[in-house]
Amino acid sequence: MGPVIRSTYRLHFVLLWLMDIQSILETDILQAINELYPGQSDDVQLSPTKKEFEGQYTFVTFPYTKKLRQAPAQIGQTIGAWLVENSAIVSAFNVVQGFLNISIADSAWVEVLNDIAANSAFGTLAQKGESVMVEFSSPNTNKPLHLGHLRNNFLGDSVSRILTANGYDVVKTCIVNDRGIHICKSMLAYQMFGTDASGRAETPESSGMKGDHLIGKYYVLFDKAYKGQIEDMVALGTPKEEAEKTAPLMLEVQQMLRLWEQGDPETKALWSQLNAWVYEGFAVTYKNIGVSFDKTYYESNTYLLGKEIVEEGIQKGVFFRKDDGSVWIDLTEEGLDQKLVMRSDGTSVYMTQDLGTTELKFQDFQSDRQIWVVGNEQDYHFNVLFAIMRQLGRSYANKLYHLSYGMVDLPTGKMKSREGTVVDADDLIQETVDAASTAADDAAKGKLDGFSQDEKKALFQMLGLGALKYYLLKVDPQKRMQFNPAESVDLHGNTGPYIQYVHARIKSILRKAAEMNVILDGAVTATQLDEVEQQLVFLLSQYPQRVIDSGAAYSPSYIAQYAYELAKTFNQFYDKLSILKEMDMVKLHVRLVLSNAVGETIRKAMGLLGIEVPEKM
RNA sequence: GGUCUUGUAGUUCAACGGAUAGAAUAAGCGUUUCCUAAACGCUUGAUACGGGUUCGAUUCCCGUCGAGACUACCA
C-alpha cells in the first residue's frame, strides 16, 4: 500500500489565549475558600449543572462539611454570595441541598463565543512533540473484510485522528497477515475448484467478483470439503479429533505450507497471484471507507525476525528451552502461564512474529508509544507480549498499549466466518448507502432537486457511511456491542445523519445570510443571551476538553456523544428562536456567529470520527 | 477448573463516587401562511441478587447468579 509518510511537517499553531470560564471559576472559588475559611484551601471540583436547575456549573459542598465545620447549605450560601460579590464572571447562584449552582454572566459567555469564533484552530491542541504509532485493521488475506473489521478500522482511524488533534505525531500502520495455513486453504481450494470444464481458471475479471470476495469464496469451499471428509471418516469409525488431523485435505494443506516455506516457485506464484487479487479488493474497500495507512507491513517479510529476539531471550535467561527443543517463557510470577515462543522445529508461532514486528516497528519509527487496535479475545496475548518486552529490558516496554475492543454481535448471535454467517463489509456499506437513498425519496421533499446524479450519489455515500461509522463508534470501544442491521441504517435519532443534517441546516442559513448581505465580521456585542444560546456556548466551550478526554481514554464515543448533544441543542435553538427573521441586529449577529461556530465544531467533531458532513441535504 | 471482561427501560446505548439514573428506538398525541419537518414538543418504562466502605454507590470492595472471551507447537 502507500509509501511511508512521516508527519514531520506540521503547522505549529500560535495558541490563542482562550477565555476558560471553568478555570477562572475554579480559581475564584479557591480564593473564596481561602478568604472565608483561611487555611482550608483544597482542590476545587466542578461539574456541569443538571438541566432542571438554574446555573451552568455546580460546586458540591459535601466534601467540605467536616473540614469547614458547617452545614452544606450554609457553605453554599456563603461561597455563592462571595462569588456574586467578587467574581467578574458570576452573575447569580442558588443552593439546593448541598449543591451550589452557579450562573455565569452573559457577558462572559459572549466573550467566550467571540474567542471561539476568532480561533479557526479551536479544538486542535498544541503540538506535544511526541509520536504515537497506531496499528489497526491488520487483515488476513484469505477472506474479505467483515463487520468486525469495520469496527476495528473505524476505531483505529478515529483514534488516530483524535490523537492528532491532541497534538501527537501519529503514524498509522497495518500488518497484513499474508502467510500461513489460512491462505493455503484458499490456494488449495482454488487449485481444486478454480478451473472450469474448458480449462479456464477463474479470475476476478472472469467472475466479476472483487478479488477478496473471490478468494473468500474458495476459503469457504475448502472448509466445506474438509468438513465433508471429516464426516465421512467419522462415519467409518475414526474419532473426530483424529479425523480433523488426518483428513487428506488437512495433510495436503500442510504440505502446501511446507512448500511455501521452502520457496517452491509454483506455490509462491499461486500465492502471489491470489494475494494480489485480495489486495486489489482491499484497496477498493479502504478507499470506500476513507481509511489509509502510513506504512503497511507484510508478515511474509517479517515472520523470521522474531527468531533473533528468541535467541536474545535465551542468552539473557528470559526464555528457556525444553528437552524437545521448543522455547518457552515462564510468566507464572506475573500471574500468567508458561507460553511457547518458538516451536520445537524452530519455526515461529504468532508470538514469535509479534516480538519481531514490535521491534521492527520501533526501529522504523522510534515512536514514543505503540498502540494496537485488536479485539479483546487477544487480551492474554498482549499481556504476554508486553511482559516479554519488559523482561527483555526494552526501553519502550512501558509505552505499549493494547486498545482492546469488544466483539460485534448480530441479533442472531455470533458471526462465524468459516460458516459464512458474517456480515460482509462491502455489502453492508452498500446497504446503508441504499437506505440513505431510499430515505431521501420521502424525506428530502425536493431539497435535492438541484443535485446531479453524481452529487446525489456522493451525498448518499456520505450519509450511509456516516450512519455506519457513527453507529459503530458511539459505543464505548471496550464493550461488546450488538449490531442491529435495521437500526444501523436508521437516519433518525442518535445517528450520524441526524448530526449531518444539522450541519446542512446551518450551512443553508449561512448561505441565505450571505445572500441577504448580512455581515458576520466583527465581535458580537450582545449583553444578553437566551437560555438556549447560553447552553450552546457552554457546549462549544467544552469541546477542547472532550478532545482531551477522548484521547486519554482512546474512546471516540466521547466525541460521538458530544456531537450529538451539540446537534440536538442546536435543533432546539433553531426551533425556539428565529435567526434570519430577527429584526434586532445585535441578536441576529449573535445567532449567526453562534450557528457558524456550531457548524464548524460539528464538522470538526465528526471529522475526528472520520465522518464527512454535507453542505446540503 | 483457572484468568480476564461484562450484567442499566421491551430493545440499543449514556451517566469524573453526587441531586428526581439520561438519550435513542418502539407506541400514542401535538407543532409548518415563517430560516431545511431528514426537525421540535408531550406521555409510558430500568440499575440481576445479597452484603460492605462512604455524608452520598449504577460506579469502589466481597459473595451468589447470568452472559462472553482466553487458557493451541492456529494466526
Side-chain angles (χ1 to χ4, degrees), chain A residues 45-47 49-53 58 60-63 65-66 72 96-99 101 138 140 142 177 179-183 299 303 322 324-328 335-337 339-351 353-354 375-381 383 404 406-407 409 411 414 436 439-440 442-447 463 471 474-476 478-484 486-488 490-495 497-498 500-502 504-513 516 549 557 560-561 564-565 568 570-582 591 595 616-617:
Chain A
Q45 299 285 329
L46 288 176
S47 49
T49 302
K50 299 198 101 184
K51 271 187 193 145
E52 55 266 41
F53 302 103
T58 293
V60 184
T61 62
F62 296 107
T65 49
K66 269 187 188 160
V96 180
Q97 293 165 21
F99 298 91
N101 300 319
S138 302
N140 290 348
N142 61 330
N177 180 19
R179 64 161 290 278
I181 198 101
H182 55 278
I183 179 68
E299 282 195 351
Y303 79 105
K322 287 193 178 172
D324 61 7
S326 59
V327 181
W328 296 72
L336 303 166
D337 298 316
K339 190 77 185 172
L340 178 86
V341 295
M342 195 163 77
R343 291 193 189 99
S344 51
D345 63 2
T347 59
S348 32
V349 289
Y350 181 35
M351 184 58 73
Q353 295 180 23
D354 254 11
N376 64 8
E377 77 271 18
Q378 292 193 29
D379 285 353
Y380 184 76
H381 172 79
N383 280 337
S404 165
M407 295 290 102
D409 282 328
K414 202 185 165 176
D442 49 74
K445 297 201 182 78
K447 288 177 198 168
L463 296 180
Y471 185 88
K474 73 176 174 185
V475 180
D476 180 356
Q478 189 187 319
K479 283 192 173 168
R480 183 185 190 91
M481 69 177 287
Q482 197 166 108
F483 183 86
N484 184 324
E487 276 177 27
S488 70
D490 197 352
L491 314 177
H492 306 277
N494 189 355
T495 66
Y498 172 91
Q500 289 169 316
Y501 173 75
V502 171
R505 206 176 208 190
I506 289 171
K507 285 295 175 182
S508 169
I509 295 166
L510 294 174
R511 277 193 300 272
K512 288 233 162 68
M516 292 162 59
D549 291 345
S557 66
Q561 283 167 35
Y564 174 67
E565 208 177 336
K568 187 176 167 62
F570 183 85
N571 271 338
Q572 291 165 340
F573 158 78
Y574 178 89
D575 193 65
K576 182 179 178 187
L577 304 171
S578 54
I579 302 169
L580 296 174
K581 296 285 188 291
E582 176 57 55
R591 288 173 197 169
S595 299
K616 275 187 198 177
M617 68 181 270

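Protein chains get the first letters and strands the later ones, always in sequence-line order, with residue 1 at the start of each.
Pairing for B:C34 is absent, with no Watson-Crick or G-U wobble pair whose two atom distances lie under 3.5 Å. B:U12: Watson-Crick or G-U partner is B:A23, with both key distances under 3.5 Å. Remark: B:C29 base-pairs with B:G41; criterion is Watson-Crick or G-U wobble with both hydrogen-bond distances under 3.5 Å. Of all nucleotides present, only B:U5 satisfies the Watson-Crick or G-U wobble test against B:A67, with each distance under 3.5 Å. Using the Watson-Crick or G-U wobble rule with both distances under 3.5 Å, B:G56 pairs with nothing in any strand shown.
Residue contacts for A:Pro63: at a heavy-atom cut-off of 4.0 Å it reaches a base atom on one of the strands shown. A:Leu463 comes within 4.0 angstrom of a base, heavy atoms only. If you check every strand for non-hydrogen atoms under 4.0 Å, A:Thr61 touches nothing. Nucleic acid contact for A:Ile579: base, since at least one base atom lies under 4.0 Å from a heavy atom of the residue. Looking at heavy-atom distances under 4.0 Å, A:Ile506 makes no contact with the nucleic acid at all. The residue A:Glu299 sits close only to the backbone: its heavy atoms come under 4.0 Å of sugar-phosphate atoms, none of a base. Within 4.0 Å (heavy atoms only), A:Phe53 reaches at least one base atom of the nucleic acid. Nucleic acid contact class of A:Asn101 (heavy atoms, under 4.0 Å, all strands): base. A:Lys447 comes within contact range of at least one nucleobase, with a heavy-atom separation under 4.0 Å. Among the protein residues, A:Gln353 comes within range of the sugar-phosphate backbone only, with heavy atoms under 4.0 Å from sugar or phosphate atoms but none that close to a base. Within the 4.0 angstrom heavy-atom criterion, base atoms lie near A:Ser578. If you check every strand for non-hydrogen atoms under 4.0 Å, A:Asp476 touches sugar and phosphate atoms only. Residue A:Tyr380 is in sugar-phosphate contact alone, with no base atom involved, counting any heavy-atom pair closer than 4.0 Å across all strands shown.
In the model, A:Asn571 has a side-chain atom that pairs as donor or acceptor with a side-chain atom of A:Arg505 under 3.5 Å. With 3.5 Å as the limit, one finds no donor-acceptor pair spanning the side chains of A:Asp490 and A:Thr495.
Contact between the side-chain N/O atoms of A:Tyr498 and the OP1/OP2 oxygens of B:C40 is found at a separation under 4.0 Å. Considering only side-chain N and O atoms, A:Lys479 lies nowhere under 4.0 angstrom from the phosphate OP1 or OP2 of B:U12. The phosphate of B:C55 has OP1 or OP2 within less than 4.0 Å of a side-chain N or O from A:Lys66. For A:Lys568 and B:A24, the shortest distance from a side-chain N or O to OP1 or OP2 is below 4.0 Å. Listed pair A:His492 / B:A24 fails the phosphate criterion, with no side-chain N or O lying under 4.0 Å from OP1 or OP2. In this model, the phosphate group of B:A72 is not approached by any side-chain N or O of A:Arg343 to a distance below 4.0 Å at OP1 or OP2. The phosphate of B:U5 has neither OP1 nor OP2 within less than 4.0 Å of any side-chain N or O from A:Asn376. For A:Gln572, no side-chain nitrogen or oxygen approaches OP1 or OP2 of B:C40 to under 4.0 Å. Between A:Gln478 and B:U6 there is a side-chain polar atom (N or O) within less than 4.0 angstrom of OP1 or OP2.
Distance check on atom C1': B:A69 versus B:A27 gives 37 Å, rounded to whole Å. Of the P atoms belonging to B:U59 and B:A9, the separation is 15 Å, rounded to the nearest Å. Between the P atoms of B:A21 and B:G10, the separation comes to 16 Å (whole Å). Taking atom C1' on both B:G2 and B:A19, the two are 43 Å apart, rounded to the nearest angstrom. Nucleotides B:A48 and B:G7 have their P atoms positioned 8 Å apart, rounded to a whole Å.
Looking at which nucleotide of RNA chain B each of A:Thr58 and A:Asn177 is closest to, the 5′-most match is held by A:Thr58. Toward the 5′ end of RNA chain B lies the nearest nucleotide of A:Gly493, the other residue of the pair A:Gly180 and A:Gly493 mapping further downstream.
Residues A:Arg343 and A:Val349 meet the side-chain proximity criterion, which asks for heavy atoms closer than 4.5 Å. Contact annotation: the side chain of A:Lys616 never approaches that of A:Lys507 to less than 4.5 Å [non-hydrogen atoms, C-beta and beyond]. Using a 4.5 Å cut-off on side-chain heavy atoms (C-beta onward), A:Arg591 and A:Ile509 make no contact. Between A:Val60 and A:Phe99, the closest side-chain pair of non-hydrogen atoms falls below 4.5 Å.
Rounded to whole Å, the distance from CE on A:Met481 to P on B:A69 is 17 Å. Atoms CG (A:Asp337) and P (B:G1) sit 17 Å apart, rounded to a whole Å. For the pair A:Asn494 CG and B:A24 C1', the computed distance is 6 Å after rounding to whole Å. B:U36 atom P lies 14 Å from atom CE of A:Met617, rounded to whole Å. Atom CG in A:Asn484 sits roughly 10 Å away from atom P in B:C13 (whole-Å rounding). Following rounding to the nearest Å, A:Lys50 (NZ) and B:A19 (C1') show an atom-to-atom distance of 6 Å. The NZ atom of A:Lys339 sits 9 Å away from the C1' atom of B:C70 (whole-angstrom rounding). Put simply, CD on A:Glu377 is 10 Å from P on B:U71, counting in whole angstrom units.
Ring geometry for A:Tyr498 against A:Tyr564 counts as tilted: the plane angle lies between 30° and 60°, on a 0 to 90° scale.
Between the side-chain ring of A:Tyr574 and the base of B:A39, no stacking contact exists by the 5.5 Å and 30° definition. In this structure, the aromatic ring of A:Phe62 is not positioned over the six-membered ring of the base of B:G56 within 5.5 Å between centres and 30° between planes. Here A:Phe99 lies parallel enough and close enough to stack on the base of B:A19, with planes under 30° and ring centres under 5.5 Å apart.
No N or O donor and acceptor, one from the side chain of A:Ser557 and one from the base of B:A14, sit under 3.5 Å apart. A:Asp409 contributes no side-chain N or O that forms a donor-acceptor pair with the base of B:A67 under 3.5 Å.
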